[in-house]
Protein chains: 2
Amino acid sequence: MATRAARGFGQYSGVARAIERVGERWALLIIRDLLVGARRYSDLKAGLPRIPTNILSDRLKELQEAGVIRRVPTVRGGYELTELGRTLEPVIVALERWGWSTLGQPAEGEIVTADAVALSLHAAFHAESAATAPPTEYVLHVGGISLSAMVVGDALDVMPIGPGALLQPMRRTAPEVPPSDVLELEVEPVGLRDLLAGAPGAVAVKGPPAGVSILVGGSALLARFRRTFRIDPVGPSTRTVQEPGAAASVA
Amino acid sequence: MATRAARGFGQYSGVARAIERVGERWALLIIRDLLVGARRYSDLKAGLPRIPTNILSDRLKELQEAGVIRRVPTVRGGYELTELGRTLEPVIVALERWGWSTLGQPAEGEIVTADAVALSLHAAFHAESAATAPPTEYVLHVGGISLSAMVVGDALDVMPIGPGALLQPMRRTAPEVPPSDVLELEVEPVGLRDLLAGAPGAVAVKGPPAGVSILVGGSALLARFRRTFRIDPVGPSTRTVQEPGAAASVA
DNA sequence: CGGGATCCCAAGCGATACTG
DNA sequence: CAGTATCGCTTGGGATCCCG
């Protein structure tokens with residue numbers, strides 16, 4: 001029924017309103033996938049394997065009412081983010097970064113999806129570090145899915161590739177990257193975590209971490225990857241909120 | 001029973017794991033309040049008026065298991081964020097900023113709480129703009145609650161004051177701010193939105209927006225407030241994800 | 001066949017009452 | 001004050017069915 005008005009938090013507050021609008025179960029994962037690009041109903045379902053179809057249907061309706069997604073008129077079952085929906089990117093990125101720092105081993109039956117990895121790369125992307133490197137293509141194979149990340153200057157372009165790809169848009173800019181600037185990795189899910197969120201000290205000092213094997217390219221390219229993509233362990237925002245540490249501050 | 005293991009999303013992904021750990025209903029609001037400082041059970045309940053007590057109890061247990069909060073040993077019913085919990089600040093701030101941009105009128109029965117406003121000020125705080133101004137104290141009265149925000153250099157210190165205050169810690173640094181650098185405002189809830197997230201063009205050009213009245217101080221101080229605290233309308237992060245706009249990118 | 005809508009059941013949520 | 005216990009109700013989950 002998509003009736004949620006009665007489930008508010010009773011607060012006139014930014015966080016509360018945000019959660020009322022996009023905090024429902026599965027909603028932020030749908031938004032995450034749509035951040036990578038427009039998707040069809042079946043694409044979303046495939047990227048969210050455990051979502052019941054009625055819930056996906058409900059969420060899509062609610063998110064349309066909230067104004068964060070809209071239908072793509074010319075494509076049956078196509079959905080895309082609105083301008084407002086795209087402004088949720090900082091929220092998704094913040095969650096992604098925090099999630100990686102607390103992400104242990106994959107649980108039984110957990111899978112890796114192409115859109116999720118694509119967004120992880122965006123969340124891990126350091127434009128400043130990237131800008132100092134020549135144009136580079138990184139090809140990743142993780143748990144059965146494959147994607148290509150093209151870095152040119154401070155711009156990143158990620159797309160799924162191969163048979164499992166949900167869609168195959170034209171590469172926007174396809175500058176020929178010389179073979180010496182192509183890195184191709186076969187990565188276990190846990191290896192991806194170590195690669196993106198692992199201890200920075202280990203950058204290419206002792207070769208690839210466990211669960212990461214280089215198919216094409218050298219260790220210098222791996223070091224470039226780790227300079228370009230990394231999720232710093234602690235939220236690096238400037239905090240000035242009072243420290244809770246002291247018990248005396250309660251009472 | 002706080003059993004949530006079976007409710008996972010089936011994905012090995014940062015966002016998914018983050019939502020599994022702190023995405024349950026009410027959880028992020030609890031974390032928001034604890035971000036302002038340590039709180040007791042009754043403080044949290046008062047700051048989250050519509051939360052059922054059993055849910056608050058469940059969430060506190062779950063968040064402890066997740067390692068984001070802990071009990072304050074010396075205070076009965078006291079809770080505080082752990083180091084890991086404090087790293088959720090970027091998530092809360094991102095939600096706060098997005099929420100304000102979509103926050104309309106207050107709905108029937110919605111209230112404003114001190115901790116929520118305190119965190120809004122943090123989310124709106126611009127350290128660079130603040131650093132150019134002399135030490136200033138801003139006192140806000142909003143919907144029955146009051147708080148004081150002290151800005152010294154690029155540091156912000158917010159605390160609830162007055163009879164409705166949940167706790168009254170010692171001000172950490174109490175430099176005497178000259179009366180000419182104290183601004184005291186009486187603000188309607190909607191006025192707060194216009195003040196924090198309103199059109200920047202209106203900064204002190206035509207006086208305070210509707211719902212904002214100056215009790216102490218001049219319009220120059222109000223302009224200083226708006227330079228120091230503002231939530232920019234659009235997420236200003238550097239996006240390079242492919243634009244979904246074109247229908248051709250689906251199919 | 002893709003894109004949903006309809007069931008039914010279980011789990012989570014909300015309100016109230018109650019206890020250490 | 002800081003929770004626990006209980007109970008009805010609402011949502012989510014999973015399977016199935018329908019429709020263009």
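Remember, predicted model here, so these are calculated numbers, not experimental data.
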Participant: Can you classify the ring geometry of A:Phe125 versus A:Phe229 as parallel (below 30°), tilted (30 to 60°) or perpendicular (above 60°)?
Facilitator: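 Judged by the thresholds at 30° and 60°, the geometry between A:Phe125 and A:Phe229 is tilted.
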
Participant: Would you kindly give the CD1-to-C1' distance between B:Ile51 and C:dT16, to the nearest whole Å?
Facilitator: 16 Å

Participant: Starting at atom CD of B:Glu24, determine the distance to atom P of C:dC13, rounded to an integer number of angstrom.
Facilitator: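 Going from B:Glu24 (CD) to C:dC13 (P), I get 5 Å.
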
Participant: Would you say B:Trp26 places a side-chain N or O within less than 4.0 Å of OP1 or OP2 belonging to C:dG14?
Facilitator: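 Checking C:dG14 against B:Trp26, a side-chain N or O does come within under 4.0 Å of OP1 or OP2.
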
Participant: Do B:Thr102 and A:Arg17 get their side chains close enough for a donor-acceptor pair, meaning under 3.5 Å?
Facilitator: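 Side-chain D/A pair, B:Thr102 to A:Arg17: absent.
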
Participant: Between A:Tyr12 and B:Thr113, is any side-chain donor less than 3.5 angstrom from a side-chain acceptor?
Facilitator: no

Participant: Side chains of A:Glu184 and A:His141 only: does a donor on one sit below 3.5 Å from an acceptor on the other?
Facilitator: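 There is such a pair between these side chains.
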
Participant: I'd like a list of close polar pairs between nucleotides 2-5 of chain D and the protein, N/O only, cut-off under 3.5 Å.
Facilitator:
from: D:dA2; atom 1: OP1; to: B:Arg76; atom 2: O; distance (Å): 2.8
from: D:dA2; atom 1: OP2; to: B:Ser42; atom 2: N; distance (Å): 3.1
from: D:dA2; atom 1: OP2; to: B:Ser42; atom 2: OG; distance (Å): 2.7
from: D:dA2; atom 1: O4'; to: B:Arg76; atom 2: NH2; distance (Å): 3.2
from: D:dG3; atom 1: OP1; to: B:Arg71; atom 2: NH1; distance (Å): 3.4
from: D:dG3; atom 1: OP1; to: B:Arg71; atom 2: NH2; distance (Å): 2.7
from: D:dG3; atom 1: OP2; to: B:Arg71; atom 2: NH2; distance (Å): 3.2
from: D:dG3; atom 1: OP2; to: B:Tyr79; atom 2: OH; distance (Å): 3.1
from: D:dG3; atom 1: N7; to: B:Thr53; atom 2: OG1; distance (Å): 3.4
from: D:dT4; atom 1: OP2; to: B:Ser57; atom 2: OG; distance (Å): 2.5
from: D:dT4; atom 1: OP2; to: B:Lys61; atom 2: NZ; distance (Å): 3.4

Participant: Taking CD1 from A:Ile55 and P from C:dA11, how many angstroms apart are they, rounded to a whole number?
Facilitator: 16 Å

Participant: Over how many whole Å does the gap from A:Arg39 atom CZ to C:dG3 atom P extend?
Facilitator: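 Going from CZ in A:Arg39 over to P in C:dG3 covers 13 Å.
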
Participant: When you check the phosphate oxygens OP1 and OP2 of C:dC13, does a side-chain N or O of B:Arg59 lie under 4.0 Å from one of them?
Facilitator: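 Yes, B:Arg59 has a side-chain N/O under 4.0 Å of OP1/OP2 on C:dC13.
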
Participant: Would you kindly give the CD-to-P distance between A:Glu62 and D:dT10, to the nearest whole Å?
Facilitator: 16 Å

Participant: Let me know the distance between CG of B:Leu29 and P of C:dC13, rounded to the nearest Å.
Facilitator: 13 Å

Participant: Has A:Arg25 got a side-chain N or O lying under 4.0 Å from the OP1 or OP2 atom of D:dG13?
Facilitator: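 Yes, because at least one side-chain N or O of A:Arg25 sits under 4.0 Å from OP1 or OP2 of D:dG13.
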
Participant: Looking at every heavy atom in both B:Glu20 and A:Glu110, which two are closest together, and how far apart are they?
Facilitator: OE2-OE2, 4.3 Å

Participant: Any idea which heavy atoms bring B:Arg32 and B:Gly47 closest together, and the distance?
Facilitator: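 The answer is NH2-O, 4.5 Å.
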
